Amino acid sequence: VDSGSFRVDAGKMLEKLRNFQLANPADFVCAWLRCAAASGAQKISLTTGTRSLTLAFDGRPFSAGELSHPYQVLVDGEGVDARRGRHFAYGLLGLYRLAPVGVSVVSRGPAGVAAMSAGAVKAPDADGAARGTVISVDWPAWALIWRTRLVIRRTRERFGLGPAALLIDG
């Protein structure tokens, strides 16, 4: 029996996961709903705009380390928050298949605030953030309302019996 190690090309791994992890990329919100549940959320709200979508939930906040390396948990998935980290990462990978303009996350807890943004039109307001986690997605002008409607429809179809209450546009 031999032993040894092997190397994983992180870029290729993420490309394969992005293309094949979620059958329908509009289910990225469902992955984030599982993330919220794994964070211990009791309340989840999903708010839509013409070219935007915002998911907010209470529960354990993300740390700065989790947000600065959101895909690390896919290769290094140990610890108390590994499950929620995987759901968050899978949601990001599915989201990128829908070509957003940007995504930002602000997560505030007793230890402080953690934030991340990728291509976001507006940087997240870490100082004004309420307690909990807020994930914002901005769509390009050509996507208009159809992207948001598609995601909301898929979310309504797929959100089942979860530990938290989900409020959509209300």
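This chain uses plain numbering: 1 for the first residue, then up along the sequence. Small disclaimer: the values here were computed from a predicted structure and weren't measured.
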How close do [X] and [Y] get, counting heavy atoms only, and between which atoms?
| X | Y | answer |
| --- | --- | --- |
| Ala41 | Ala164 | O-CB, 3.2 Å |
| Asp58 | Gln42 | OD1-N, 2.7 Å |
| Phe28 | Gly91 | CB-O, 3.2 Å |
| Pro70 | Ala89 | O-CB, 3.4 Å |
| Pro61 | Gly109 | CG-CA, 3.6 Å |

Student check: side-chain heavy atoms of [X] and [Y] closer than 4.5 Å:
| X | Y | result |
| --- | --- | --- |
| Phe88 | Val73 | no |
| Trp32 | Val137 | yes |
| Val151 | Leu46 | no |
| Cys30 | His87 | no |

Hey, is the main chain of [Y] close enough, under 3.5 Å, to the side chain of [X] for a donor-acceptor pair?
| X | Y | result |
| --- | --- | --- |
| Asp138 | Val101 | no |
| Arg84 | Arg60 | yes |
| Arg86 | Leu74 | no |

Do Leu95 and Leu93 sit in the same hydrophobic cluster, where Ile, Leu, Val, Met, Phe, Trp and Tyr count as joined when their side-chain heavy atoms come under 4.5 Å apart?
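Yes, same cluster.
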Going only through I, L, V, M, F, W and Y residues with side-chain contacts under 4.5 Å, is there a path from Ile44 to Val134?
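No, it is not one cluster - the side chains of Ile44 and Val134 are not joined through contacts under 4.5 Å.
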Considering the options Val29, Val103, Ile135, Thr155, which one meets the side-chain contact (heavy atoms from CB on, under 4.5 Å) requirement together with Leu53?
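Exactly one option meets the side-chain contact (heavy atoms from CB on, under 4.5 Å) with Leu53, and it is Val29.
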Calculate, to the nearest 0.5 Å, the distance between atoms [atom1] and [atom2] belonging to [X] and [Y] respectively.
| X | Y | atom1 | atom2 | result |
| --- | --- | --- | --- | --- |
| Ile168 | Arg156 | CD1 | CZ | 4.5 Å |
| Asp81 | Ser39 | CG | OG | 7.0 Å |
| Leu55 | Thr133 | CG | OG1 | 9.0 Å |

Anything under 30° is parallel, anything over 60° is perpendicular, the rest tilted; go ahead and classify Phe62 against Phe57.
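Ring orientation of Phe62 relative to Phe57: perpendicular.
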Decide whether Ser117 and Ser104 meet the rule of one side-chain donor and one side-chain acceptor closer than 3.5 Å.
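Note: Ser117 and Ser104 side chains miss the donor-acceptor criterion.
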Got a salt bridge between Asp27 and Arg154, using NZ or NE/NH1/NH2 to carboxylate O under 4.0 Å?
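Yes, Asp27 and Arg154 are salt-bridged.
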